[in-house]
Amino acid sequence: MHDLNPPQRAAVLHTQGPLLVLAGAGSGKTRVIVEKIAHLIASGRMPAKRIAAITFTNKSAKEMRERVGKRIKGDAADGLTICTFHALGLKFLQIEHAAVGLKRGFSIFDSDDSSAQVKDLMSGAKPDEVEAAKNLISRAKNAGLSPDEALAAARGNREKEAALLYQRYQARLSAFNAVDFDDLIRLPVQVLEGNADIAAAWRERIGYLLVDECQDTNDAQYRLLKMLAGERGDFTCVGDDDQSIYAWRGANPDNLLAMARDYPKLQIVKLEQNYRCSNRVLRVANALIAHNPHEHLKKLWSDQPDGDRIRVWECRDNDHEAEKVAAEIAFLHTARNAPWSDFCILFRGNFQSRPLEKALQLLRIPYHLTGGTAFLERQEVKDALSWLRLVANPDDDTAFLRAVQSPKREVGATSLAKLAELAQSAHLPLSRAAESMAALRQLPARAGNGLSAFNDIIGDLRDHAATLSAKDLLLRLIERSGLLAELRAQCKDEASFQRRRANLDELADWFDGGPRGGNVGDLAAQLALLSRNDKDDGGNQVRLMSLHAAKGLEFRYVFIVGCEDGTLPHEISVEEGNLEEERRLLYVGITRAKQALWLSYSRQTRRFRELVRLKPSRFLDELPQSELQRDGADPVADAERKKERASAGLAAIQAMLDG
DNA sequence: CAGGTTCAGTTTTTT
DNA sequence: ACTGAACCTG
């Protein structure tokens, strides 16, 4: 506590009523949250089990859990809730499912499942139309609107059509006993706002609320926060409007302003001392973000030394750019004896990682890519999860359709269409229709046999669901379903079979160490919330990730590649007039750097089949030029670079000899 | 019905 | 370059 600076201490000690902490980048906001939790518990102000700390990503929840674990020894922190908004909403629905007409074991549809439904409802629509419609539905949900409310609010034909689609989409979901990601927020809000008893019970349960990154709340999340905090509003919200980078999924930084209106007693504390970045990095970041209009004035300062010059590199193309970055990392790793984990490469879009990976591999530099093919998006994992979903939730037609065809069991499109027809006229979910003898008799013999074999396996798994642990059930499922055998048959070589099998083992491990609860459906639902960024990181590796994924992290050496107009700012954002958010994105990237920063751009890139000329990002012109060192402007730097190239070349030759 | 082949479209960020 | 959809064949 005594290491805290005065505003940090004020934020920690303020425990009655609403508090907003405007925390600049690197100003120790996580530390304040952790200290505050410790203080609330130690002072007896609130027992751990009535404190909830809410984050936006699983990654930050995990990080916070670790830091709390280090700060609070023993069992004092037992019962503390630290999770994402979505995980909290899920927990809420698992308890209050009856209030929104959901049955136990309900499924969570991921984006792909949602897209498939929308596509099906809009027969014949092109993929981008489907995505657009899905986004409209998502926007309505993030605004906290029910289908009826959306219809009432719709102006003009297009909006009306979208609202009607939302209605049909939602009807599907409830027929499937399923919710999508957005419902995890919207439905709890609906329950809390419409049911005083339940709201009172939850306020008893959660006596103090802390919300991290609250500039990222969307309207539905803000309403959830208000309902949980109640009139008194015992909460601490921590946020930074300069780091708001999720407007595209409904985040509304105006919620920070709304908070002052809704809670007249709101206290505001500003954290303006940055402990992370070199002074030079901070000057550059401040100059950039000064180009955005500001509601809350905040002046970040640092008493750190100036650190290294900020390098701006012009490259021939992305391969050249990647080679330069990799060479520089290899050079500094040796020259400064810096561990690989000191380095981070940031980019706007995940697709930009490819050339970088190639270049790092060539130099034998170990790296970890955050956000590669998501674990949960792997075919074998999705297959197994579909089986599990169906075991827990017979109404889940989406899970049925996937499970029944993986592995293949001679039930094809024609038979499934027939089955759907029968299910519809009998008002049954597909999996129930598939169990009826009458239906089986109407299908071709081969398909009928396939289906009854499938039914037997599902029945066996349901019989064991109550007695086996979740992990054992999953293992039984992987074996019984034939997924394992199919995987072996599919893979050409043993190595790839073992690799994919390891994914299934990992899934089982998640169940093993995962949150307890007994109910398989609950576990499957929690798994659905895991994202691509949650896989183990750490280790002594160079880190590669998108600018979005980098929020909250810090590294000694940061490379931001693709600083081109059209890439950063992204052209879609420019078209939509979201330049300010793109600027904040670069601001977030720059403020990750503790000591040194590189900004690079290419003159051209290969896009699909043609070469495209690129211009340097307009943001580079907004930086104080005196702080930058352009490539080639300095003979000393050039000499250094020559050395790097030589060492990169040596390393490459060495790598080839080794290979 | 399943597995293979060709061919078009494709790239923003995440729970 | 890489993926998924459409089409073709045993």
Side-chain angles (χ1 to χ4, degrees), chain A residues 54-61 83-90 108-112 114-116 119 126-128 131 135 138 141-142 179-186 213 216-218 220-221 244-251 318 346-355 358 370-371 373-374 376-377 379 405-416 443-447 449-450 486 489-490 525-534 545-551 562 566-576 578 581-582 584-586 588-589 605-610 612:
Chain A
I54 311 301
T55 62
F56 271 80
T57 61
N58 294 302
K59 202 154 101 182
S60 30
C83 65
T84 63
F85 261 110
H86 288 84
L88 181 71
L90 172 62
I108 296 183
F109 275 26
D110 64 20
S111 320
D112 285 350
S114 297
S115 299
K119 185 180 170 198
K126 293 191 201 87
D128 50 337
E131 278 315 292
N135 281 336
S138 182
K141 290 188 168 194
N142 287 333
V179 297
D180 62 18
F181 286 139
D182 299 326
D183 286 337
L184 293 174
I185 313 296
R186 182 183 69 93
E213 309 277 16
D216 289 334
T217 50
N218 62 38
Q221 285 161 334
S244 165
I245 53 175
Y246 286 102
W248 52 273
R249 64 173 220 219
N318 347 42
L346 299 173
F347 34 76
R348 175 70 235 265
N350 284 309
F351 69 96
Q352 291 172 277
S353 67
R354 286 189 171 279
K358 250 191 342 200
T370 305
T373 307
L376 289 164
E377 280 163 29
Q379 215 184 347
Q405 293 184 102
S406 42
K408 301 278 189 285
R409 41 176 29 93
E410 303 198 296
V411 183
T414 323
S415 297
L416 286 173
L443 295 173
R446 285 196 304 178
N449 290 337
E486 158 123 324
Q490 253 179 22
Q526 280 163 24
L527 262 176
L529 290 188
L530 291 171
S531 82
R532 49 173 65 194
N533 291 334
D534 301 335
M545 69 187 86
S546 71
L547 287 159
H548 283 86
K551 189 153 68 145
T567 314
L568 178 63
H570 194 278
E571 57 188 336
I572 295 175
S573 294
V574 175
E575 276 164 31
E576 292 175 353
N578 297 333
E581 178 149 312
E582 297 288 311
R584 288 191 292 265
L585 207 42
L586 179 56
V588 167
T605 187
R606 251 197 142 65
R607 209 152 80 183
F608 311 134
R609 275 201 283 308
E610 67 219 308
V612 183

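Below, chains carry the letters A, B, ... as their sequence lines are ordered, and counting in each starts from 1.
- Put simply, the side chain of A:Glu581 gets close to the backbone of A:Ala247: a donor and an acceptor are under 3.5 Å apart.
- At a threshold of 4.5 Å between non-hydrogen side-chain atoms, the residues A:Thr57 and A:Lys551 do not count as touching.
- One atom, CD1 of A:Ile572, and another, P of B:dT13, lie 9 Å apart when rounded to the nearest Å.
- A:Glu576 is linked by a side-chain contact (heavy atoms from CB on, under 4.5 Å) to A:Ile572, A:Asn578, counting only residues two or more places apart in sequence or in another chain.
- To the nearest angstrom, C1' of B:dT14 lies 6 Å from OH of A:Tyr246.
- Put simply, CG on A:Leu88 is 16 Å from P on B:dT15, counting in whole angstrom units.
- A donor and an acceptor atom, one from each side chain of A:Glu131 and A:Ser115, are located under 3.5 Å apart.
- Checking A:Ile245 against A:Val411, the closest nucleotide of DNA chain B that is more toward the 5' end is the one next to A:Val411.
- What separates CD of A:Glu131 from C1' of B:dG9 is a distance of 14 Å, to the nearest Å.
- In terms of position on DNA chain B, the residue among A:Ala87 and A:Ala447 whose nearest nucleotide sits closer to the 5' end is A:Ala447.
- Scanning for side-chain contact (heavy atoms from CB on, under 4.5 Å) contacts around A:Ser353 gives A:Phe347, A:Glu357, A:Leu369, A:Leu544, with sequence neighbours left out.
- For B:dT12, its base never sits under 3.5 Å from the side chain of A:His570 at any donor and acceptor pair.
- The shortest distance between the side-chain N/O atoms of A:Asn350 and the OP1/OP2 oxygens of B:dT14 is below 4.0 Å.
- Distance A:Asn318 CG to C:dA1 P: 14 Å, rounded to the nearest Å.
- Between A:Phe351 atom CZ and B:dT11 atom P the separation is 10 Å, expressed in whole Å.
- Note on A:Ser415: only backbone sugar-phosphate atoms sit closer than 4.0 angstrom, heavy atoms only; bases stay farther off.
- Within the nucleic acid shown, A:Arg409 comes within 4.0 Å of sugar-phosphate atoms alone, with no base atom in reach, counting heavy atoms only.
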Open item on the list: Does A:Leu416 form a side-chain contact (heavy atoms from CB on, under 4.5 Å) with A:Gln405? I'd like the steps, not just the answer.
Closed with: CA-CA 10 Å; A:Leu416 286 173; A:Gln405 293 184 102; 3.6 Å; yes
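- The backbone N or O of A:Arg446 lies less than 3.5 Å from no partner atom in the side chain of A:Asn449, so there is not a single donor-acceptor pair.
- When heavy atoms are screened at a 4.0 angstrom cut-off, A:Phe56 is found touching the sugar-phosphate backbone but no base atom.
- Comparing B:dC1, B:dT12, B:dG3 by their closest approach to the side chain of A:Arg446 singles out B:dC1.
- The aromatic ring of A:Trp248 sits over the base of B:dT13, with ring centres less than 5.5 Å apart and planes tilted by under 30°.
- One can place CD1 of A:Ile54 at 14 Å from C1' of B:dT15, the figure rounded to the nearest angstrom.
- With B:dT13, B:dT15, B:dT11 as the candidates, the nucleotide lying closest to the side chain of A:Thr57 is B:dT15.
- When distances are taken from the side chain of A:Arg249 to each of B:dT11, B:dT12, B:dT15, the shortest belongs to B:dT15.
- Whole-Å rounding puts the A:Leu568 CG to B:dT11 C1' distance at 15 Å.
- Side-chain atoms of A:Asp183 do not come within 3.5 Å of backbone N or O of A:Arg186 as any donor-acceptor pair.
- Close to B:dT14, at under 4.0 Å from its OP1 or OP2, lies a side-chain N or O of A:Ser546.
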TODO: Take nucleotides 2-10 of chain C nucleotide by nucleotide from the 5' end and write B, S or -, depending on whether a protein heavy atom sits under 4.0 Å from the base, only from the sugar-phosphate, or from neither.
DONE: ---------
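- Taking the P atom of each, C:dG4 and B:dT13 are spaced 16 Å apart, rounded to whole Å.
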